[in-house]
Amino acid sequence: MLASPALSDLVLSKVDRRIYLTSHIVRISSTLEVENAGPETVSKVLLAFPDLQAQNLAYLMASPHEAKAKVKVSVVSFPIDVVKPEDMPPGVTFYSVSLPQGLTVGASFTFDVLAVFTHALRPMPEQIGQADIQLVLYQDSAYYLSPYVVKVQSLSLKLLDSRIESYTTLESTKVQGSEIKYGPYENLPAFSSSPITVHFENNLPFAIAQELVREIEISHWGNVLVTEHYKLIHGGAQSKGEFSRKFQGPSAVRYLVAHLPPRAHSVYYRDAIGNISTSHLRGDSKKTELLIEPRYPMFGGWRTAFTIGYGLPLQDCLYESEGRRFLNITFSSPMIELVIDTLIVKVVLPEGSSDISAAAPFFMKQWQETKISHLDIVGRAVVVLEKTNLVPEHNQYFQVYYKFNRLSMLREPLMLISGIFFFFVACIVYMHADTSISKFSASYLAKQQWEEVRVAIQQVHNIICRCLATHDKLEASLRDLSRTGEVQACKAARKSTDGLLKELSKELKPLMTFLQSSPSAVQVLSKVEELVAKERELLEKLMAKHSTAVEAYEKKSGARDIENRIALQQQKITALRQEVDDLLEFIDEI
Amino acid sequence: MAAPEASTAAVPTLYTNNTLRNAFGGVLSFFILLLIGVLAFSIRLFSVIKYESVIHEFDPYFNYRVTQFLTKKGIYEFWNWFDDRTWYPLGRVIGGTVYPGLTLTAGTIWWLLNSLNIPLSVETVCVFTAPIFSAFASWATYLLTKEVKGAGAGLTSAVLLAMVPSYISRSVAGSYDNEAVAIFALIFTFYLYLKTLNTGSLFYATLNSLAYFYMVCSWGGYTFIINLIPMHVLLCIVTGRYSSRLYIAYAPLVVLGTLLAALVPVVGFNAVMTSEHFASFLVFIIIHVVAFVYYIKGILSPKMFKVAVTLVVTVGLAVCCAVIAVLIALVASSPTKGWSGRSLSLLDPTYASKYIPIIASVSEHQPPTWPSYFMDINVLAFLVPAGIIACFLPLSDASSFVVLYIATSVYFSGVMVRLMLVLAPAACITSGIALSEAFDVLTGSIKFQLPGVTSNAEVDAGETSSDTSEAQTDEVKAEKPDDTSKNRPLKKSKKKERELAENPPAKATAKAKAKAEKKRLLALPLEASVISLLLLVVLGAFYVVHSVWAAAEAYSAPSIVLTTRSRDGLHVFDDFREAYAWLSHNTDVNDKVASWWDYGYQTTAMANRTVIVDNNTWNNTHIATVGTAMSSPERAAWEIFHSLDVKYVLVVFGGLIGYPSDDINKFLWMVRIGGGVFPHIKEPDYLRDGQYRIDSQATPTMLNCLMYKLSYYRFVETDGKAYDRVRRTEIGKKYFKLTHFEEVFTTHHWMVRIYKLKPLKNRIRGKAKKSKLKTSSTSSSKRSGTKKKNPWQ
């Protein structure tokens with residue numbers, strides 16, 4: 001345990017306290033000059049706070065005075081039990097500060113202590129009307145509470161530039177503008193105190209987040225997504241009486257300002273029932289400023305809940321050292337002058353992370369969870385940090401270290417690709433598989449036969465089409481004849497077409513016999529036969545016409561004469577051709 | 001198989017060419033359908049892009065809340081859900097009074113996504129359910145029209161349905177209402193009915209009953225199906241089109257469908273008890289009689305048959321008369337003749353305004369105006385008659401169904417503007433048929449006229465946005481007219497082909513001949529065809545432009561967020577959510593909030609507070625109680641609200657910014673509905689010479705009623721004159737105090753005002769005996785008049 005003589009050995013030769021009451025967070029900045037009057041080297045200095053204050057103490061930091069390098073002295077925030085009850089008055093909590101080096105006998109050391117308190121201002125009266133100003137009460141001691149003798153001390157309270165309702169007057173009390181000064185007092189014994197009370201106007205919004213859940217999700221595809229769920233309450237004087245839109249209450253929380261990191265993008269602001277459209281975003285290279293208005297102006301005691309979210313570029317927050325990656329990001333809310341009663345920070349690491357550890361600048365509860373998100377199989381590791389009673393001073397960087405293999409990134413895309421691939425494969429297999437139950441059922445056989453018939457008919461159709469094409473060739477040769485008068489060429493064309501047509505009719509024969517034999521083709525057989533017959537007829541007519549024309553040319557008859565002779569045949573041919581076309585169309589539609 | 005293979009080798013090029021073209025057509029129409037689906041989905045996203053991904057309007061909030069409950073508590077809890085946060089103190093059995101189709105659908109989608117580890121919120125799923133189902137609906141339309149007039153008409157109809165404004169209005173992203181899935185179910189049921197009718201397959205008949213079951217789950221409009229299909233069956237029988245296919249299409253639907261429908265708690269025994277379903281049973285009997293007659297006819301010789309007919313008809317008529325008389329007596333003994341109020345107001349459009357003000361007070365139950373037809377179905381209104389004519393050329397079972405569908409839905413849409421939604425698919429189907437036939441004829445005649453020119457038709461066809469595969473093939477035809485023999489349109493899919501082939505060949509031949517004949521006769525002059533084609537394209541373009549405009553501007557607003565565009569940019573009025581957020585964060589979770597029923601669903605869903613009445617207007621008396629409170633003077637209103645354990649009263653007021661659908665404008669309905677149950681509220685008391693006014697000419701009853709006071713309390717402090725921008729007048733009574741209510745919150749633009757009931761004060765007793773006497777006498781007189789009807793007083 002702490003050596004008891006050390007207590008009396010130290011003397012505070014000078015204490016300078018400044019209490020800032022300019023917001024709803026109370027900041028006490030003290031400059032202490034410690035002198036070792038004892039026989040031994042001392043390395044620890046005790047700070048004392050009354051229990052009432054200590055339970056509101058959110059943040060305590062000691063740093064060497066005027067040390068521009070800002071080497072932060074480690075702050076040990078463990079409360080020490082009262083060692084000697086007869087010596088130590090009850091109701092005091094102690095914190096011990098380890099000095100960078102032991103204080104030798106007779107030496108002195110100056111350092112600053114910053115203590116930040118929440119909920120230290122009490123609204124008085126506790127209920128006010130909507131248009132009334134808000135008065136608050138602050139209580140403290142005019143003398144510095146310390147287990148050591150204090151030689152010289154002074155206290156100053158900085159208020160807002162506003163009305164001071166009342167304050168405790170002691171000896172040597174001065175008011176300078178918005179500043180109240182007590183002291184200097186000299187040579188006060190340990191644990192001396194003299195209560196003072198200041199009652200003054202403070203219309204600053206008392207925004208308190210009763211619960212804030214921050215979720216920081218890392219994606220190695222280049223984004224860090226931050227989502228913050230706030231449950232906000234106005235912690236000032238309760239609103240009473242009738243509401244009116246006309247009066248803008250002076251102490252109402254009308255807006256909140258958040259300073260987001262410089263390259264924040266995709267910022268959103270919403271609550272459980274949708275988007276909240278009253279927000280403004282300004283950005284420059286240093287920071288992104290987000291100004292949000294709650295859905296309604298918040299008067300004393302009113303609550304609201306909302307969510308803000310933003311993305312950060314991965315390279316701004318994620319670094320690598322010694323084979324491990326670490327996330328370096330601010331711990332607390334980006335809102336300015338916001339008190340947070342309970343903060344839960346969840347860092348969601350990518351799936352496949354291992355060897356996880358978190359490093360934070362102050363003590364807090366820590367545990368790990370698993371979260372299953374988009375296309376996860378085993379889930380993502382989540383580091384959860386919880387701390388109560390936070391002030392903006394807590395907004396420091398913390399680190400989460402983990403190991404992650406870059407190849408794990410490809411897992412989910414590959415999963416998707418293979419999923420879709422197998423889907424298509426399954427489709428192809430399904431389309432080609434024969435899913436009928438029985439291969440011998442009548443309907444199945446009939447279906448198969450019908451398929452065969454259909455194929456045959458399709459072929460007949462093709463053949464007829466080719467026949468018609470040859471007919472066209474014949475016609476073309478006739479046209480050439482009328483143009484050039486070369487009878488020989490025409491005759492040659494006819495010969496070749498004759499050959500072709502013979503071949504085609506040979507091809508047609510087996511198909512026709514197949515169709516005639518097939519029982520399921522009965523319905524269409526007549527049609528097909530009609531088609532073939534018609535085609536024959538057409539061919540005959542065409543041949544006749546061709547012969548007539550060629551003959552006429554050989555006889556050198558006049559063009560008009562030939563035309564007259566052909567005209568009649570031509571009519572029949574056109575009619576036949578039309579019929580064949582119709583039949584073809586019908587067969588095609590089968 | 002050997003023979004075909006051999007010949008395949010003999011004619012390889014042509015054969016493969018044709019199958020390739022078949023495959024190409026199939027793939028093309030598949031991709032067109034895919035694009036139609038994408039179009040149907042994406043045209044409904046304007047609301048998300050312009051506003052946000054949020055649930056719209058009133059009813060969707062209830063559905064959203066039910067879905068949340070379902071996903072949180074599971075299906076069994078859902079069926080047994082007794083909701084005590086609404087209709088206080090009665091509560092409501094949600095599980096038994098809600099059409100569960102939509103909720104179960106969205107819940108299933110959510111569950112599926114979450115089991116695949118895709119953590120979408122319930123809200124997101126709900127917002128996008130409607131657009132997804134519109135894509136399904138347009139595919140179903142394709143299938144349905146394909147059954148009627150082939151794939152080309154199917155694709156055209158699908159395109160039209162994908163962006164018909166009437167349907168868009170009910171299915172934009174966020175419009176999470178029953179109609180969103182019900183229209184798909186409706187079309188799909190009709191498709192399966194026609195499919196069964198065309199194929200005579202029992203498989204499709206079973207599917208049809210299942211689709212009908214889904215429709216019953218989804219929407220009360222299922223009665224339309226169960227009346228339309230019997231009508232069509234009857235039509236077929238009367239016109240001598242009875243066949244076994246008709247029997248297979250109808251009989252299983254009635255048996256299975258009714259059994260399945262009775263499984264839905266909200267329908268239950270209504271499926272056999274109410275008059276809406278009687279038509280189907282009657283036709284069920286008739287079709288059996290007809291089937292029996294056909295069977296007997298087959299057995300007996302014609303002479304014997306005649307004798308039998310005369311015998312049966314005389315006996316049968318007597319029996320039928322007796323049965324029908326009994327039925328009529330039974331039905332007539334019930335006061336509403338066994339019909340629900342909404343159905344009755346369909347048959348008799350004046351019914352609701354005469355007897356049920358609560359149905360008449362809903363704007364979507366009013367008959368539509370002509371401009372709303374143009375707004376909602378646009379050019380389809382002109383194409384529909386052409387489509388009907390096309391359905392008669394030739395008239396088949398399926399096309400007669402479409403004609404019947406359009407005829408009935410036109411009637412229903414004329415009665416209730418909401419049923420425009422049922423008309424929209426019918427209009428799309430007939431217009432699709434009309435457009436497709438027109439394109440067919442026009443491109444056909446261009447091809448006929450111009451065997452040599454290619455570019456013209458090609459350009460035209462290429463321009464049409466509503467191009468179909470039919471037009472596509474026609475285009476190809478026009479391109480290569482020299483070898484027409486090689487290029488044949490691949491109009492029909494495989495199944496259709498088979499079906500056609502199974503027809504008796506003689507009939508088919510006649511049909512083909514008639515078709516060819518028609519083609520020759522219908523060949524229009526070239527210039528006329530080209531110009532008409534162009535005009536059709538312009539018409540289509542006009543429709544597209546209008547639909548996109550409707551989707552983007554007219555129907556995308558979520559109605560809980562209002563926006564106006566002024567000179568200094570977009571102005572957002574988010575007052576509703578402001579008020580609901582305030583309620584949910586700053587009042588006790590068990591407080592009761594009274595408001596007019598319009599805001600009930602939103603209050604329970606967004607603010608999570610108990611309400612007295614909501615949009616499910618199942619208890620007229622309860623609503624009338626709230627209406628009475630709103631139209632009573634302060635003290636009487638306080639008593640009514642106090643007896644209902646109400647802590648807060650919420651009113652919507654648009655006078656400051658000119659929001660027209662506020663409570664003052666709805667007030668006369670409150671008076672009417674209240675007066676319908678509590679006769680001491682008389683409408684004429686609120687009217688000055690038959691005119692509804694709130695200015696200095698207003699009646700004292702009006703100026704002293706609670707609604708007036710809550711709306712205009714301290715309104716004069718805004719501009720000093722108390723000028724109401726909705727009514728465009730200065731209000732009658734500007735300075736007054738509230739004694740029993742206390743303003744606790746008013747939103748930024750004064751659109752929602754919330755008052756708290758003051759606790760009863762002791763001083764009222766001692767202050768004036770006279771006033772006390774007066775109030776007690778009025779309340780007691782009211783009490784005596786209403787004792788039986790209002791249990792809360």
Side-chain angles (χ1 to χ4, degrees), chain A residues 241-246 270-278 294-296 301-305 372-377 379 447-448 450 452 454-456 458-459 461-466 468-469 472 507 510-511 514 522-527 578-586 588-590, chain B residues 1 3-4 6-8 10-11 14-15 18-19 51-55 116-119 482-486 488-492 497-498 500-502 504-505 508-509 512-513 515-516 560-561 572 574 577-582 584-586 605-606 714 717-718 742-748 750:
Chain A
E242 209 163 47
F243 175 86
S244 171
R245 260 290 156 187
K246 255 202 96 185
R270 58 168 295 151
D271 66 1
I273 54 176
N275 204 21
I276 306 174
S277 48
T278 45
R295 280 201 188 272
Y296 40 86
W302 286 17
R303 290 152 203 275
T304 193
I372 293 184
S373 184
H374 293 277
L375 298 171
D376 286 350
I377 294 168
K447 202 169 134 191
Q448 287 231 312
W450 174 245
E452 282 169 27
R454 242 169 53 84
V455 169
Q458 194 66 49
Q459 282 164 357
H461 179 253
N462 285 337
I463 290 169
I464 302 287
C465 284
R466 283 166 69 194
L468 289 179
D472 288 343
E507 274 177 30
L511 285 174
F514 168 73
V522 179
Q523 290 174 340
V524 284
L525 187 61
S526 63
K527 272 284 168 193
Q578 191 62 49
E579 273 174 46
V580 170
D581 273 350
D582 285 350
L583 278 172
L584 270 178
E585 196 168 320
F586 172 74
D588 188 45
E589 279 176 17
I590 288 169
Chain B
M1 288 298 281
S7 41
T8 314
V11 278
L14 283 172
Y15 180 71
N18 222 334
T19 31
Y51 296 87
E52 57 180 290
S53 168
V54 73
I55 308 280
L116 288 174
N117 281 341
I118 300 173
D482 315 69
D483 44 7
T484 40
S485 53
K486 276 183 196 169
R488 289 289 152 203
L490 14 100
K491 282 180 199 163
K492 306 282 152 45
E497 285 164 29
R498 205 171 306 153
L500 234 162
E502 277 157 13
T509 326
K513 256 199 182 134
K515 207 171 163 192
I560 55 162
V561 190
V572 180
D574 203 359
R577 287 193 296 189
E578 186 181 340
Y580 294 132
W582 186 86
S584 87
H585 293 300
N586 296 302
M606 282 199 262
R714 294 175 91 172
E717 288 170 19
T718 52
E742 180 188 41
E743 184 180 3
V744 285
F745 188 67
T746 294
T747 55
H748 188 220
W750 289 57

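Chain naming here is simple, since letters A, B, ... match the order of the sequence lines and numbering starts at 1 in each.
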Kindly indicate, with the supporting measurements, whether the criterion side-chain hydrogen bond (donor to acceptor under 3.5 Å, both in side chains) is fulfilled by A/Tyr296 and B/Asn586. CA-CA 11 Å; A/Tyr296 40 86; B/Asn586 296 302; 3.1 Å; yes

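Ranked by heavy-atom pairs under 4.5 Å with chain A, the first of B/Ser53, B/Ala579, B/Ala581 is B/Ala581.
More than 12 heavy atoms of other residues, nucleotides or ligands shown are found within 6.0 angstrom of NE2 on B/His585. Within 6.0 Å of CZ on A/Arg270 lie more than 12 heavy atoms contributed by other residues, nucleotides or ligands.
Only the side chain of B/Arg714 comes within less than 4.5 Å of a heavy atom in chain A; its backbone stays farther off. The part of B/Val54 that comes within reach of chain A is its side chain, from C-beta onward, which places non-hydrogen atoms under 4.5 angstrom from that chain. Contact of B/Glu717 with chain A is made through backbone and side chain together, with heavy-atom distances under 4.5 Å.
Aromatic ring centres of A/Phe243 and B/Trp582: separated by at least 6.0 Å.
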